[in-house]
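Just so you know, these numbers come straight off a predicted model, no measurement behind them.
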Amino acid sequence: QVQLVESGGGSVQAGGSLKLSCAASGYYYSRTCMGWFRQAAGAEREGVAAMYFGGGSPVYADSVKGRFTISRDDAKNTVYLQMNSLQPEDTAMYYCAATAMCRGGYFLARNEYNYWGQGTQVTVSS
């Protein structure tokens, strides 16, 4: 069983930065993926960034490439999402997610993930 707890959300002005954290507990396997998703009001939950613990480069949604960076600290069992150059359209509830059975090509597919955090709100004003 994996438990995920997000933190770091808040309100910023356009152009600002925030760093989200996801503290994880539980077991990890070589095919684990962890990712960040977001859901704006009235919209579906979408994948933002994800990383495969078995290796390889992280993947990002086109809308955040070059602005967001996902990283992890194994010593702290924590995954981060550094968000720079934030824009009002980035306003959403952000969720951390994990799956122990990651499939290539599906890293940003929400249906692949079976463990979710409670979410942290990010609000960007213009």
Side-chain angles (χ1 to χ4, degrees):
Q1 189 77 8
V2 176
Q3 293 180 323
L4 307 172
V5 179
E6 303 99 331
S7 61
S11 297
V12 295
Q13 291 189 328
S17 298
L18 283 173
K19 187 174 184 178
L20 306 183
S21 299
C22 174
S25 62
Y27 290 97
Y28 299 95
Y29 302 93
S30 61
R31 293 180 62 184
T32 291
C33 274
M34 289 191 71
W36 288 95
F37 291 73
R38 66 185 181 186
Q39 187 166 17
E44 292 189 354
R45 193 170 298 188
E46 62 175 355
V48 174
M51 62 192 317
Y52 174 50
F53 283 23
S57 299
V59 295
Y60 298 92
D62 288 343
S63 57
V64 306
K65 281 180 181 177
R67 299 189 299 123
F68 290 12
T69 302
I70 187 172
S71 61
R72 77 194 227 211
D73 184 334
D74 290 341
K76 297 182 179 180
N77 285 345
T78 300
V79 173
Y80 303 97
L81 185 67
Q82 177 67 48
M83 304 185 295
N84 298 328
S85 301
L86 283 162
Q87 299 300 317
E89 52 266 34
D90 295 315
T91 294
M93 185 72 79
Y94 282 72
Y95 297 90
C96 177
T99 175
M101 295 297 290
C102 202
R103 296 188 295 166
Y106 293 89
F107 295 170
L108 293 181
R110 63 181 180 178
N111 291 338
E112 292 289 295
Y113 291 80
N114 49 356
Y115 299 106
W116 294 85
Q118 81 288 350
T120 185
Q121 178 68 36
V122 171
T123 302
V124 185
S125 58
S126 57

Who are the salt bridge (Lys or Arg N to Asp or Glu O under 4.0 Å) partners of E112, not counting sequence neighbours? R103
Compare every heavy atom of P88 with every heavy atom of S126, then report the nearest pair and how far apart it is. CB-CG, 3.9 Å
Does one hydrophobic cluster hold both Y106 and V64, with members joined at side-chain heavy-atom distances below 4.5 Å? no
Spacing of SG belonging to C96 relative to CZ belonging to F37, to within rounding of 0.5 Å: 9.5 Å
Would you call R72 and M34 a side-chain contact if the rule is heavy atoms closer than 4.5 Å? no
Got a second to check how far Y80's OH is from W36's CH2, nearest 0.5 Å? 10.5 Å
Heavy-atom pair of closest approach, residues L86 and V12: CD1-CG2, 3.7 Å
Please report the closest heavy-atom contact between G15 and Q87, naming both atoms and the distance. N-NE2, 4.1 Å
Centroid-centroid under 6.0 Å between F68 and Y60 rings: no
Beyond-backbone contact of T91 with Q121, side-chain heavy atoms, under 4.5 angstrom: yes
OH (Y113) and SG (C102) are apart, to the nearest 0.5 Å, by 5.0 Å
Whether over 12 other heavy atoms sit under 6.0 Å from Q3 CD: no
Nearest 0.5 Å, please: how far is OG1 in T120 from CD in Q118? 7.0 Å
Distance in Å, T99 OG1 paired with N111 CG, rounded so as to fall on 0.5 Å steps: 11.0 Å
Compare every heavy atom of A61 with every heavy atom of G47, then report the nearest pair and how far apart it is. O-CB, 3.4 Å
Distance-minimising heavy-atom pair for L4 and A24: CD2-CB, 3.6 Å
For T78 and A23, indicate whether the former's side chain and the latter's backbone hold a donor-acceptor pair under 3.5 Å. no
What pairs of residues pass the side-chain hydrogen bond (donor to acceptor under 3.5 Å, both in side chains) test when at least one of them lies in residues 39-51, not counting sequence neighbours? R38-E46, Q39-R45
Minimum heavy-atom separation for A92 and A40, please, with both atom names. CB-N, 3.7 Å
Atom pair CZ (F107) and OG (S57), whose distance is rounded to the nearest 0.5 Å: 10.5 Å
Does the side chain of V122 reach to within under 4.5 Å of the side chain of M83, using non-hydrogen atoms? yes
